[in-house]
Amino acid sequence: MSETKTAAIIGGGVIGGGWAARFLLNGWDVVVSDPDPEVERKVGEVLANARRSLPALSDVTVPKEGKLRFATSLAEAVAGADWIQESAPERLDIKHKVFAEIQAHCRTDALIGSSTSGFKPSELQQGAARPEQIFVAHPFNPVYLLPVIELVGVQQTVERAKEVLDGIGMKPLIVRKEIDAHIADRFLEAVWREALWLIKDGIATTQEIDDVIRFGFGMRWAQMGLFETYRIAGGEAGMRHFIAQFGPCLSWPWTKLMDVPELTAELTDMIADQSDAQSGMHSIRELERIRDDNLVAMMRALKGRNWGAGELLNAQDARNKPPLPTAIDKPLETLSRVIPIDWMDYNGHMNESRYGQVFSDAGDVVMHMVGADPDYIASGLSYFTVSNEISYINETHLGDVIHVRTQVLEARGKKLRLYHEMIRTTDDELLATCNQLLLHVSLETRRTCEPEGEVLERITALGEAQSKLPKPASMRD
Ligand SMILES: NC(=O)C1=CN([C@@H]2O[C@H](COP(=O)(O)OP(=O)(O)OC[C@H]3O[C@@H](n4cnc5c(N)ncnc54)[C@H](O)[C@@H]3O)[C@@H](O)[C@H]2O)C=CC1
Ligand SMILES: C[N+](C)(C)CC(=O)CC(=O)[O-]
């Protein structure tokens, strides 16, 4: 058993709260230190949002949540921590004071990341007792959902940090050279500046600017980024043609980036009023939930494509996947997962089609147990499901943790009959059952045939062992 690690979060605001949730929901214990008397409530609200969204990105068992504690002093928070994440306000004087106190009380081998959006490590390290211990770990809001982290600092330190972040499902990017605002915030700054000009000059409103992003290039960026997108825009000749065609525009007046509009009271009012008209009907917490639900749905769609953020999530699932059941003389625990947002329907519960997905995944586990795994399937043999009789017994809701218990009712020759019970893990409530019949097939002839070799031996042994079990209670009722 690996020992539970501890993260100390210094500053529990928007970003510190997000870090706390990311670590906790990946099984780390977390200690938060923040002078704000409201910190427990604020972190609690971020955590509530994270609990309903992050686990829903996973299609396998999620790690057991760690323990959360609020420290009475920074010294107490950092004392035994493995990772310390500074998320205090973006002011160098505050950060220097915080680092001095951290280093006076933390372990010398602890990793000390800073969430700074723009300061370089050399600036953060000024006057530090052990400069090499401090590095930039710049996240994106919401930290519990968005995977990328920019790491800037001493090579050996950021490599250790990368290993930790990989383990909590993130996408650490080690930045080659330090630079103000790292990589991503330089883009965000450019887009933000341009948007401010467009509003100031009366060209577009906040709503119109958001629409050109979310109905257009924002969706392209979320899955391919900038260069891959523009490569395609160059047509068959790719990037070279793209540059030949659009390169000259760089010297035309297509940008006001070299200048910054003054944030006068008048411009601030204009932007804030437009933003109120656009989004004022929702509270910030409501907007956070809308954003999170949309992000989960988009990231799950990318999972299906095994692309971009979806590829990362699939790799994380593969790491968290539980081992196949080995004891064949008792009901088989074939699946455990959380119900995600995109499985909900207009009735406010899990759509009926998703029960088919759950029972199909549980059936796959039995196939893999007997050796009918991807290699066997690649050899041209498999099982087809020919019937699923599903009974919907109780409603299944967003965020429910469920597991499936499976009994093999018949495993003889070509026939594999399974009985699945889908149970809510928190209160043991039976949610649905499925009587499922699978037939062994040749993928070449697309007809049924007897299983072969080890699969035949294992399926026969499984069938015999399971035939001695009493019928599941829900079948007898
Ligand atoms: N808000 C954002 O979109 C992002 C912010 N960041 C960076 O994260 C850091 C924190 O920003 P936010 O969370 O947005 O700010 P915030 O204002 O929401 O939170 C800052 C927290 O630090 C606390 N604090 C103040 N002095 C402290 C001290 N001496 N010790 C411990 N805590 C202290 C405050 O009480 C507050 O709760 C900044 O460096 C910022 O650049 C990074 C990525 C995105
Ligand atoms: C606005 N910001 C500079 C604080 C933004 C970031 O640092 C990253 C983000 O989440 O957009």
Side-chain angles (χ1 to χ4, degrees), residues 7-22 30-47 49-50 70-78 81 84-106 112-121 123-124 134-152 165 170-173 175 179-196 210 213 218 221-222 260 263 271 275 284-285 287-288 291-292 295:
I9 306 298
I10 310 305
V14 174
I15 292 303
W19 273 110
R22 169 67 80 167
V30 167
V31 195
V32 177
S33 169
D34 189 313
D36 182 352
E38 295 247 44
V39 65
E40 291 199 32
R41 178 187 62 77
K42 289 182 183 168
V43 170
E45 287 186 24
V46 175
L47 191 51
N49 280 350
F70 291 87
T72 48
S73 69
L74 187 150
E76 177 206 329
V78 302
I84 298 156
Q85 186 67 26
E86 172 278 310
S87 300
E90 188 72 351
R91 273 187 35 202
L92 202 50
D93 57 335
I94 297 183
K95 291 193 187 284
H96 281 159
K97 265 171 76 181
V98 167
F99 287 129
E101 208 179 338
I102 291 174
Q103 290 202 311
H105 298 97
C106 75
I112 309 178
S114 168
S115 299
T116 179
S117 297
F119 294 123
K120 301 188 284 269
E123 292 169 307
L124 299 174
I134 298 168
F135 57 95
V136 170
H138 177 238
F140 293 79
N141 190 30
V143 185
Y144 49 84
L145 287 183
L146 295 188
V148 84
I149 294 287
E150 294 171 305
L151 289 177
V152 205
L165 297 168
M170 304 195 91
K171 170 85 180 166
L173 175 81
V175 179
I179 180 173
D180 294 302
H182 331 308
I183 300 174
D185 278 349
R186 300 187 76 90
F187 294 133
L188 292 181
E189 181 75 4
V191 174
W192 171 236
R193 273 189 196 203
E194 206 58 72
L196 294 179
D210 283 353
I213 297 172
W221 281 3
V260 193
L263 279 173
I271 297 168
S275 175
I284 297 296
R285 293 292 175 217
L287 282 173
E288 281 174 345
R291 174 201 63 192
D292 290 359
L295 281 172

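This one's a predicted model, so the numbers in the text were calculated from it and none came from an experiment. Order of appearance sets the numbers: ligands from 1, and atoms from 1 within every ligand.
Contacts between Ser33 and ligand 1 below 4.0 angstrom, taking non-hydrogen atoms only, involve the backbone exclusively. Using a 4.0 Å cut-off between heavy atoms, Lys97 makes no contact with ligand 1 at all. Under 4.0 angstrom from ligand 1, there are no non-hydrogen atoms of Val39.
Those atoms of ligand 1 with a heavy atom of Ala88 less than 4.0 angstrom away are 9 (C), 10 (C), 22 (O), 38 (C), 39 (O). The contact set between ligand 1 and His138, taken as ligand atoms under 4.0 Å from a residue heavy atom, comprises 42 (C), 43 (C). Below 4.0 Å from some heavy atom of Lys95 lie the following atoms of ligand 1, by number and element: 38 (C), 39 (O). Taking a cut-off of under 4.0 Å to the non-hydrogen atoms of Ile10, the atoms of ligand 1 that pass are 31 (C).
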Note every protein N or O atom lying under 3.5 Å from an N or O atom of ligand 2, pairing the names and giving the distance.
unit_1: ligand 2; atom_1: 7 (O); unit_2: Ser117; atom_2: OG; d: 2.9
unit_1: ligand 2; atom_1: 7 (O); unit_2: His138; atom_2: NE2; d: 2.7
unit_1: ligand 2; atom_1: 7 (O); unit_2: Asp185; atom_2: OD1; d: 3.3
unit_1: ligand 2; atom_1: 7 (O); unit_2: Asp185; atom_2: OD2; d: 2.7
unit_1: ligand 2; atom_1: 10 (O); unit_2: Asn141; atom_2: N; d: 3.0

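Comparing Ser114, Gly13, Gly18, Pro35 against atom 30 (N) of ligand 1, the shortest heavy-atom distance belongs to Pro35. Scanning Ser117, Pro142, Gly12 for the heavy atom closest to atom 40 (C) of ligand 1 points to Ser117. The option with the heavy atom closest to atom 20 (C) of ligand 1, from among Gly11, Ser87, Ala137, is Ser87. Of the candidates Asp36, Asn141, Asp34, the one placing a heavy atom closest to atom 34 (C) of ligand 1 is Asp34.
Distances from atom 32 (N) of ligand 1 to the protein include at least one heavy-atom value under 4.0 Å. There is no protein heavy atom closer than 4.0 angstrom to atom 15 (O) of ligand 1.
Under a 4.0 Å N-O distance rule, the pair Glu288/Arg285 qualifies as a salt bridge.
Residue contacts with ligand 1: Lys42 is excluded, as none of its non-hydrogen atoms falls under 4.0 Å.
The shortest distance between side-chain heavy atoms of Val43 and Asp34 does not fall below 4.5 Å. At a threshold of 4.5 Å between non-hydrogen side-chain atoms, the residues Val78 and Gln103 do not count as touching. The closest side-chain heavy-atom distance from Ile84 to Ile9 is not below 4.5 Å.
Of the protein's non-hydrogen atoms, the one nearest atom 8 (O) of ligand 1 is Ser115 CB, 3.5 Å. Ranking protein heavy atoms by distance to atom 18 (O) of ligand 1, first place goes to Val14 N, 3.0 Å. Atom 29 (N) of ligand 1 has Val98 CG2, 3.6 Å as its closest protein atom, hydrogens excluded (heavy atom only). The protein heavy atom nearest to atom 13 (O) of ligand 1 is Ile15 N, 2.9 Å. The closest protein non-hydrogen atom to atom 22 (O) of ligand 1 is Pro89 CD, 3.5 Å.
In plain terms, the two heavy atoms of Val136 and Lys120 that are nearest each other are CG2-C, 4.5 Å. Nearest heavy atoms, Ala20 versus Val30: O-CG2, 3.7 Å. A pairwise comparison of heavy atoms in Arg186 and Ile179 identifies NH1-CG1, 3.3 Å as the closest pair.
Without hydrogens or angle criteria, Glu90 side chain to Gly118 main chain gives a donor-acceptor distance under 3.5 Å. Formation of a donor-acceptor pair under 3.5 Å by the His96 side chain with backbone atoms of Glu123 is found in this model. Between the side chain of Gln85 and the main chain of Ser87, no donor-acceptor pair closer than 3.5 Å is present. Looking only at distances, no side-chain donor or acceptor of Glu86 sits under 3.5 Å from a matching main-chain atom of Lys95.
In this view, Arg91 and Asp93 satisfy the salt bridge (Lys or Arg N to Asp or Glu O under 4.0 Å) rule, not counting sequence neighbours. Applying the salt bridge (Lys or Arg N to Asp or Glu O under 4.0 Å) criterion to Glu101, with sequence neighbours excluded, gives no partner residue. Residues that satisfy the salt bridge (Lys or Arg N to Asp or Glu O under 4.0 Å) test with Glu189, not counting sequence neighbours, are Arg193.
Between atom CZ of residue Phe135 and atom CG of residue Leu151 there is a gap of 6.5 Å, rounded to the nearest 0.5 Å.
Between Pro139 and ligand 1, a contact under 3.5 Å exists for no N or O pair.
A side-chain contact (heavy atoms from CB on, under 4.5 Å) with Pro142 holds for exactly one of Leu295, Ile15, Val46, Val14; it is Leu295.
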